[in-house]
Amino acid sequence: MLSSPLLVSLTLLLSLPLLFLLSQHLHLLTPPDADDLALFRRAGWAPHTTSHLSATPKIAFLFLTNSNLSFSPLWHKFLEGQTHLFNIYIHADPTQPITPPDPPLPRSIFIPSKPTARAHPSLISAARRLLAKALLHDPRNHYSPLLSQHCIPLFSLPFTHSFLLSHPHHSFIEILSHDPNLHARYLARGGPRAMLPQLPFSSFRVGSQFFVLTRRHARLVLRDVSLWDKFRRPCPSDDPCYPEEHYFPTLLSMLDPHACTGFTLTRVNWTGSWDGPPHLYTAPEISPELLHRLRHSNSSHVYLFARKFAPECLPPLMDIADDVIFRNSTIGHYFLLSLI
Ligand SMILES: *[C@@H]1O[C@H](CO)[C@@H](O)[C@H](O)[C@H]1NC(C)=O
Ligand SMILES: *[C@@H]1O[C@H](CO)[C@@H](O)[C@H](O)[C@H]1NC(C)=O
Ligand SMILES: *[C@@H]1O[C@H](CO)[C@@H](O)[C@H](O)[C@H]1NC(C)=O
Ligand SMILES: *[C@@H]1O[C@H](CO)[C@@H](O)[C@H](O)[C@H]1NC(C)=O
């Protein structure tokens, strides 16, 4: 029979590997690391686009993913023959078995990445890494749309580019101050005790984590230390807490509200969802009518992107891509709408 001290030692010994694994995992999810800090600091002072760079401003597509980019054939079609208009940066969770697109997306770079988790500050850090890479890599990167593996384009690239170019000084980021969950979210982040003095509840905002930031705003975000210091800490309780939906809207509404439209350009369907994940479109739902419907918004602009689509939507989307998504004939109409 085992004596109890022996049993205790044995239990301790057996739990050591588990403790080690757990601490490794927590460690991996806890920003910031010195290399992140150095990257953010450099990028915050990356050059502005200067006037002598008379060449076309580019869109830096930022893909933040923890699985395969299933829609890469659709994005290939979107990007075809337009390589002067964009760069692509991909942050792929290194703990997931992710196969890079084959063939690779044109002008794309997989950036050094770290593990990410939903409703966790690691998503903020990943978005900041992407913004930083785009700022440092090419001074012509002027707009940075953040996308995920579930996002699709709703228009052609030339349309998308001219739409953004017609609003050169505005970021498209949703900023809401009257969401019914807002106060509970503030408390879930630790409330006044954790957030004051930098962030009183009256300044706390929420919005979609999918945004398009101008280069100027990307630099502002990377120079921010004090608010990031509040948001980079893991949520203190088990209550719903989505730091990635608060950090960017709150920061930009404090720093430069007049250069933010307050709208996202990424359509999502929240029907039938309460504080849970949004509707995931499946293959039978894909139709030209759906795609036309997804473009329309209640504001003066259109939606350029939509989510969330299951990987099985790829074949029906490819079938209608040329005739519906990338077709130019309706563009004049939408473009005029967007300028009203
Ligand atoms: C990505 O695709 C590969 C090959 O098709 C597959 O083995 C892998 O499990 C996929 N990864 C994820 C995260 O689904
Ligand atoms: C939104 O999702 C619901 C199901 O949750 C669906 O019935 C509805 O058609 C969707 N709306 C659009 C515009 O796709
Ligand atoms: C526009 O507003 C109407 C009425 O409030 C709502 O039913 C609809 O879902 C909104 N559409 C979009 C795209 O947000
Ligand atoms: C759409 O217009 C762009 C230029 O504005 C052109 O390069 C592209 O080939 C056109 N696409 C189609 C499907 O006509």
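The model shown is predicted, which means the values in this text are computed figures rather than measured ones. Each ligand, and each atom within it, is numbered from 1 in the order the structure gives.
A ring-centre distance under 6.0 Å is found for Trp75 and Phe78. In this structure, His279 has its ring center closer than 6.0 angstrom to the ring center of Tyr281. Taking the six-membered ring where the residue is Trp, the centroids of Phe172 and His167 are separated by under 6.0 Å.
A salt bridge does not link Asp179 with Arg185: none of the charged nitrogens is closer than 4.0 Å to a carboxylate oxygen.
Nearest residue to atom 8 (C) of ligand 2 from Val268, Asn269, Leu290 is Asn269 (criterion: closest heavy atom).
Short contacts between ligand 1 and Thr99, defined as distances under 4.0 Å to a heavy atom of the residue, involve ligand atoms 1 (C), 2 (O), 3 (C), 4 (C).
Pro97 O, 2.6 Å is the protein heavy atom nearest to atom 11 (N) of ligand 1. Counting protein heavy atoms only, atom 14 (O) of ligand 2 is closest to Tyr281 OH, 2.6 Å. In this structure, atom 13 (C) of ligand 2 lies nearest to the protein heavy atom Arg293 NH1, 3.2 Å.
Protein heavy atoms are found less than 4.0 angstrom from atom 2 (O) of ligand 1. There is no protein heavy atom less than 4.0 angstrom from atom 5 (O) of ligand 1.
Note: the hydrophobic cluster containing Leu135 also contains Leu130 (ILVMFWY, side chain heavy atoms under 4.5 Å, direct or indirect links).
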Atom pairs and distances, side-chain donor-acceptor, residues 188-204, under 3.5 Å, sequence neighbours left out:
from   : atom 1 : to     : atom 2 : distance (Å)
Arg189 : NH2    : Lys230 : O      : 3.4
Arg189 : NH2    : Arg233 : O      : 2.7
Gln198 : OE1    : Lys230 : NZ     : 3.3

Criterion ring pair (Phe, Tyr, Trp, His ring centres under 6.0 Å) on Phe211 and Phe248, from CA distance to verdict: CA-CA 9 Å; Phe211 51 61; Phe248 296 98; 4.9 Å; yes
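The shortest N or O to N or O distance between Ile98 and ligand 1 is not under 3.5 Å. Considering backbone and side-chain atoms alike, Asn68 places an N or O below 3.5 Å from some N or O of ligand 1.
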